[in-house]
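Keep in mind the model is a prediction, meaning the values are calculated, not measured. Each chain gets a letter, A, B and so on, in the order the sequences are listed, and its residues count up from 1.
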Amino acid sequence: MSEYNHRAIEPKWRKSWKDNETYKVTEDTNKEKFYVLDMFPYPSGAGLHVGHPLGYIASDIYARYKRAQGYNVLHPMGYDSFGLPAEQYAIQTGQHPAITTEKNIERYRDQLDQIGFSFDWSREVRTSDPKYYKWTQWIFKQVFNSWYNKSTDKAENIEDLVAIFEKEGNAKVNAVGEETTVFSAEEWNTWDIKKQRSILMNYRLAYLADSWVNWCPALGTVLANDEVKDGVSERGGHPVEQKLMRQWSMRITAYAERLLQGLDKIDFSDSLKEQQKNWIGKSQGASVKFEVRCSMFEVDESQTPNHIEVFTTRPDTIFGVSFMVLAPEHPLVNLITTPEQKEAIEAYQKQASLKSERDRQSDVKNITGAFTGAYAIHPFTGNKIPVWIGDYVLASYGTGAVMAVPSGDQRDWDFATHFGIDIPNVFEGVDISKSAYAEKEGLIANSDFLNGLKVKDAIKKAIHAIEEKGIGTGKTNYRLRDAIFSRQRYWGEPFPVYYQDEIPYLIDDADLPVTLPEVDKYLPTEDGEPPLARAENWFYKADVKSTSPQPSPEDDVEEGSGEEFYKTTDVKTWFRLKEFARENRKNQTHCEKIIWQEVRGSKLGCRFRRQQVIDNYIADFVSFSSMLILEIDGEIHNRPSQQIYDAKRTQKLNELGFNVLRIDNKDVLENLDEVVEKIKANLKTNSSLPTGEGKGGVETRMEFNTMPGWAGSSWYFLRYMDPHNENEFASKDKIEYWNQVDLYIGGAEHATGHLLYSRFWTKFLHDRGFISFDEPFKKLINQGMILGRSSFVYRDKKSGKFISSGKVSEFDTIAIHADISLVDNDVLDIEAFKNWREEYKDAEFILEDGKYICGHEVEKMSKSKYNVQTPDELVEKFGADTLRCYEMFLGPLEQFKPWDVKGINGVNNFLRKLWRLFHQGGSFNVSKEVPSKEALKTLHKTIKKITEDLDRYSFNTVVSTLMIAVNELTEQKCNNQNILEGIIILLAPYAPHISEELWEKIGHTNSITQANWPTFDPAMLVEDDFEYPVSFNGKMKFKLLLPTSLNPKEVEEEVLKFEKTIQILEGKSPKKVIVVPKKIVNVVV
RNA sequence: GCUCGAGUGGUGGAAUUGGUAGACACGCAAGACUUAAAAUCUUGUGUCCACUUGGACGUGCGGGUUCAAGUCCCGCCUCGAGUACCA
C-alpha cells in the first residue's frame, strides 16, 4: 500500500479507538485536568451539514492537544433532546416525540462517529432522559426553596426566611422580590398555610405569579424574551402577543448585578459580553415621587393615591419636567382620571391593548397618548404638571411611568411637540427648537440650585436634594426581566410540583423523577390546559396538609382515598369538583355539621368521608366500605327541577353500586335519633371494596406545565462530570476535580439565553453550597457560521429559456436556485440539470463559450436553497482527516465564512504529500539516522509555531504551518524517523487517523494519543547569519545577509558600505540609520 | 437610532508586541507526462510602467503620530451582528 487510502485507514482506527476505549477518561488527581466542552446539539431530523461539526472539530483538536501535553481531558458530548420540533412532528403524525428523538440521535451519532472525534461517549447525557431530568427537577426544587438575601448578596434557604418571619416579621428583611406590605411575627403566625405560602411566593427564586408573558397562539405556549425576535417567535416566526398569565418564573433579576460583574472574570468575546451587558441593561439614576392632584374636582384625600413614582437617569433635568406619562396599563390611571377624561382614556387604553407587540414596534413614529385630567405637583417648583398616558411608556420597565423632560429626551420632545405641551429649556446655550438635547455635556440652566453645574455634578446634587426632601432616592434599574419558566408543552421536563388547595407543593425527592405521562394527543385540552392535563391517572399521593398552622379538631380534613375508583375520565372536571368539595367541607351547613358529629371517626363502625367526588357529583357523606351515600337535603330539594336532577343522580350512583340515603334537614333537627338508626340500618359490615384507608395520602393535581428548553441545558456541563450518579446531580469530589469548563465552543446565538441562564444557575448552586465556583465557563469561543454558496440559473421570463450568467443583462430573467451538486466550478451540468426536475426536462439554454455559467451568492445553508453540503459525502470522497483539516483551514474559527468545496483538494494533497514522505519506491521507508540540521530546524520551527498558534486558538494557521513543514521536508528529501515522528504528533489532533496509521507503521505499539507533545528547542533555530531587509525611508529596497554576531553599530557600517546603498544614496549622507537587531535596518535620508 | 465587530490580490485568508504586506491554499496561465482526458508534477501569478536589471503605486476613503503604520490616533464611507420607544 503505497498510496494514501483513507478508506482503509479511517474505519480501522475508529474501530480500534472504540474497542480500546481510547478516549474514556476517569478522575485522576495526579494529573492536571482540562475540560473542553461543546454546546450539545438539539438532534434535529435534518442531520448535520458541514457547518455543524466546525466547532466540534476545533474543540476536538484542542482536547487532543491538551491530552498530548499531559492533561487529563474531559471532552464529553450529549444531546439537548427536549424541544419543539419533535413535538410538532408528534402533533402532525402522532408519533411519540421520544421515538423521533431517538431516531434523530442515532443519525447524529452516525454522522459524528465518521469524523473521528475523541469524545468520551460513556459520559453521554440526554436532557430528555428521566435519569437526567430527575436532577433538573431536583435543582428546580432547590431554586423553589430559596430566596435572595440582599444583605448577604446570595441565595439562601427559604426556611431561614420563614424563621425570620416567625420571629420578627418582614420589616427588616432585605430581599429581592415583589414588595409586600409589612407584617409582624404575630400576624405571620396567625395566618394559615395558604396565606403564608402566598407571601413566600414573593420571595422564592422560582415562583408562580401572574406575569405579562409573550404568548404565541400558533405554538400554543408562552415564550421567554430571548425566544422572541422582532415581535415574532424565534422558531417558526409566529406572531406573539402580550398576555397576563399565571406562570412559573425564575428570579434571575436577583442576579443582575452579579451576572454583570462576573463578565470581568471570564474570557468571552467583546461582542458577547456586550450583548449580555445590554440584555441586563443596567442604568443608574433616581427614583422620584410626584404628588398627584386632580384639578377638576375636590378629591377625597383617603381615596386618591397621592403620588406617581418614576425612574429617571437624568435627575439633573428635573426642572425641565413639563408633563408626566404613564403606561396605559399603569394601575393608577383609572384612579386619577377625571370624569371628563374618562371616556378618552378608556378608549386609548383599549386601543393600546389591542395592539400586538409587533404593531407597537412598527408604530414607533406614530405619537399617541391621552390626557388623564390629573396634575402632578413639581416637587421643587410647585408647578402643576399634566399627567398623560402614552404607549411609548412601557409598563414593564422601571415604574411604568416617566417624568417627561422634552428638552432633554427626544421621545418626550416628540410627544410634547405633537400635543402642544411646553418645552422648557434647561441647558445653557443649546437650541432645542428642532430637537431635544440628549448629550450629557454642557451646563444646566433655568434650574434653581442646579444652574451652571456640569451634568455629572448636577445629577449628584439633584439626587442629594431629592433624598433630602424625602421624595425619592438614587436608584439602579435593570432591563433584565425574570425568566418565564413554564411552557404549555408536552416534550419537556414535568415540574416536581403538585397542588393542594391551589397551593403548589414540591414532590418528595424519593418520588423523583416525575416522568412524562402518556397522553392521547400532544395538543392542549379543549379548555386550553397544557397537553399534560390530558394524562389519565396522573396524580401525586401527598401527605395530608393542614391548611392552618394550628389545626383545630373541628377542622380536620377528610380527603378520601377511595374516590379515585369513581372519578370521571375528564381530569379537569375532576379537579374542579375536588376544589368545590374542599370548599364545601369548610363551609358545612348546620345540619351537615350535626350529622358529621354523629358519623365521624368511625363512630358507627365504619368510616365516613365528607364531600366526596363520585363521578360527576359531590356526595355529602360517603362510606366506601358500605357503599352508602348520605345526602342532607335542604328546602331546595323540594323544587321539581331539583327533584328531577336528584333522581337522575341517584340512578347514576345506584348504577355505580351505591345506596343513596336522602335525609331531610327537618328530620336532622327534629328526629336525629331516628336518622342515625336509619343510617345504621343501611351499613354493611363486611365489604370487600377498597377503603383507601391506610394508604397514607390524598391524590392531588400535578402541575401541567413543563419546563422550558433552557432548564436542562443550564447545568448539563455538571452532569458530564458524574453522569451515572443516582444519588446526587454529581458528586462533590468530581465537581471539585473537573471544576469549571476551561474551553467552551458554540454558537453566539445563545448569548442571551443559554449562556446567561447557565451562569445564573451556576451562581445559584454556588450560593447554596453545591459547587465551589460561580462561573461555569472560563473561556468561550463562538464559532462563526459556515455559509453556503448557492448557485443560480436564470430563466427568461418571456421565452422560459435559461440564460448563462454572462448574458442575463440582455434579458428579463428570474433567478432560480440550482442544486450545487449539478454545478462544477460555476459550470452547469446541463444534462444533470434536465434530469433534476421533471419540469426542466426539455429546458433550452442560451450558452456562452459553449458552457452554461451559473451565478452564485453566499447565503445560509438550507435545504430550500439547495446549497447544503453534508459531511458524509466529503468523508467518503476525501476522508475525515481531510475534512477536519479543511474545515479548520477555511479561516478563523470565529469568523463567518462561505463554504467552498474547491479548496479541499489542496488539503487532501497535503496529506498525500505527507504520506509520501514516509514511502519511497512504493514501500514504507524511514531512516533512523541522525537528522540533518536543516530538517531539525524545520521541525522545531514548526513545533514553536503550532504550539503558539494552538495556545491562541488560531486553528487555521496551524494547517498552513504543517503544509509548510511538509513542503520543506519534501524539498529536503527528508525521511528521517525522528523528524517525521515529531511532525505526525503535531498533526495528530487535526488528522488523527493518518497519524495513528503512520505511527503504527513506524513500529509503535501504543496509540499516538499517548505520545507526548514535542518540546521546542531554541538551540535548533540559532542562526549564524540574518538576512536584513534594508529600507530607505521605510521602503524596503534590498536584503543583506549579515552575521548575527554583529552589534547594531557594525550592522550600520556594513549596510552603509554596501554598494547598493551607495547607489541609492547617490552621494547624499543619511540623516540617521535605525538598526533593530535580527529585524530590520532603516536608512533615513 | 444606539452598541459591538469587520473592510488586505480573481477567491478563502496570513502578517502574534508598530519592523520585509499578500504566508498557506484555491483559481488562473504556461510547460512536462499522455493518442486524449483526468490525475500528477514543474514554473509563473497584487496592479501599472519598463518588460533584462529596475521603477512607481498598493491593506475601504481623508488626515495625523512615527525612522517605520494593514497594525496606533482623529474624521468619514461601506458591510455584518446584536438591540430597539429601557425613561
As a test of reading the structure: which of B:U16, B:C86, B:A14 is closest to the side chain of A:Asn956, going by heavy atoms?
B:A14
Shortest side-chain distance from A:Asp270, nucleotide among B:G5, B:U20, B:A15
B:G5
By salt bridge (Lys or Arg N to Asp or Glu O under 4.0 Å) - contacts of A:Lys944 (at least two apart):
A:Glu948
A:Lys897 NZ to B:U8 P, straight-line distance once rounded to whole Å:
16 Å
For B:A6 and A:Gln895 - does any side-chain N or O of the residue sit under 4.0 Å from the phosphate oxygens OP1/OP2?
no
A:Ser1031 side chain N/O closer than 4.0 Å to the phosphate oxygens (OP1, OP2) of B:G19?
no
Per A:Tyr392 side chain, nearest of listed nucleotides B:C85, B:U83, B:A39:
B:C85
Options B:A23, B:A87, B:A15, nucleotide nearest the side-chain atoms of A:Thr312:
B:A87
Between B:A15, B:C85, B:U83, which one does the side chain of A:Thr957 approach most closely?
B:A15
Can you label the angle between the A:His754 ring and the A:His750 ring as parallel, tilted or perpendicular, going by 30° and 60°?
perpendicular
Is the glycosidic angle of B:G18 within 90° of 0, making it syn, or outside that range, making it anti?
anti
Please state how far atom CG in A:Leu787 lies from atom P in B:G12, giving the value in whole angstrom units.
12 Å
With A:His378, which residues qualify under ring-ring contact (aromatic ring centres under 6.0 Å, His included), at least two apart?
A:Phe319
Mind calculating the distance between NZ (A:Lys973) and C1' (B:C41) to the nearest angstrom?
13 Å
Could you note down all residue pairs passing side-chain hydrogen bond (donor to acceptor under 3.5 Å, both in side chains) where residues 1025-1041 of chain A supplies at least one of them, sequence neighbours left out?
A:Ser1031-A:Asn1082
Tell me, please, which residues at least two apart from A:Arg479 pass salt bridge (Lys or Arg N to Asp or Glu O under 4.0 Å).
none
Is any side-chain nitrogen or oxygen of A:Arg481 closer than 4.0 Å to OP1 or OP2 of B:C86?
no
Quick one: is B:A25 close enough that its OP1 or OP2 comes under 4.0 Å of any side-chain N or O from A:Asn967?
yes
The contact string for nucleotides 42-75 of chain B, one letter per nucleotide 5' to 3', using protein heavy atoms under 4.0 Å with B, S and - for base, sugar-phosphate only and none, comes out as --------------S----------BS-------
Compile the donor-acceptor pairs under 3.5 Å between side chains in residues 889-901 of chain A and protein atoms, sequence neighbours left out, one pair per line.
residue: A:Lys897; atom: NZ; partner: A:Pro892; partner atom: O; Å: 2.7
residue: A:Lys897; atom: NZ; partner: A:Leu893; partner atom: O; Å: 3.3
residue: A:Lys897; atom: NZ; partner: A:Gln895; partner atom: O; Å: 2.9
residue: A:Asp900; atom: OD1; partner: A:Lys902; partner atom: N; Å: 3.1

Counting only side-chain heavy atoms from C-beta out, which of B:U20, B:C26, B:C85 sits nearest to A:Ile1080?
B:U20
Look at the side-chain N and O atoms of A:Arg479 and state whether any lies under 4.0 Å from the OP1 or OP2 oxygen of B:C2.
no
Under a 3.5 Å limit on both distances, the Watson-Crick or wobble mate of B:A84 is none
Regarding the side chain of A:Lys1079, the nearest nucleotide among B:G19, B:G12, B:C85 is B:G19
How many whole angstroms separate atom CE of A:Met888 from atom P of B:G12?
18 Å
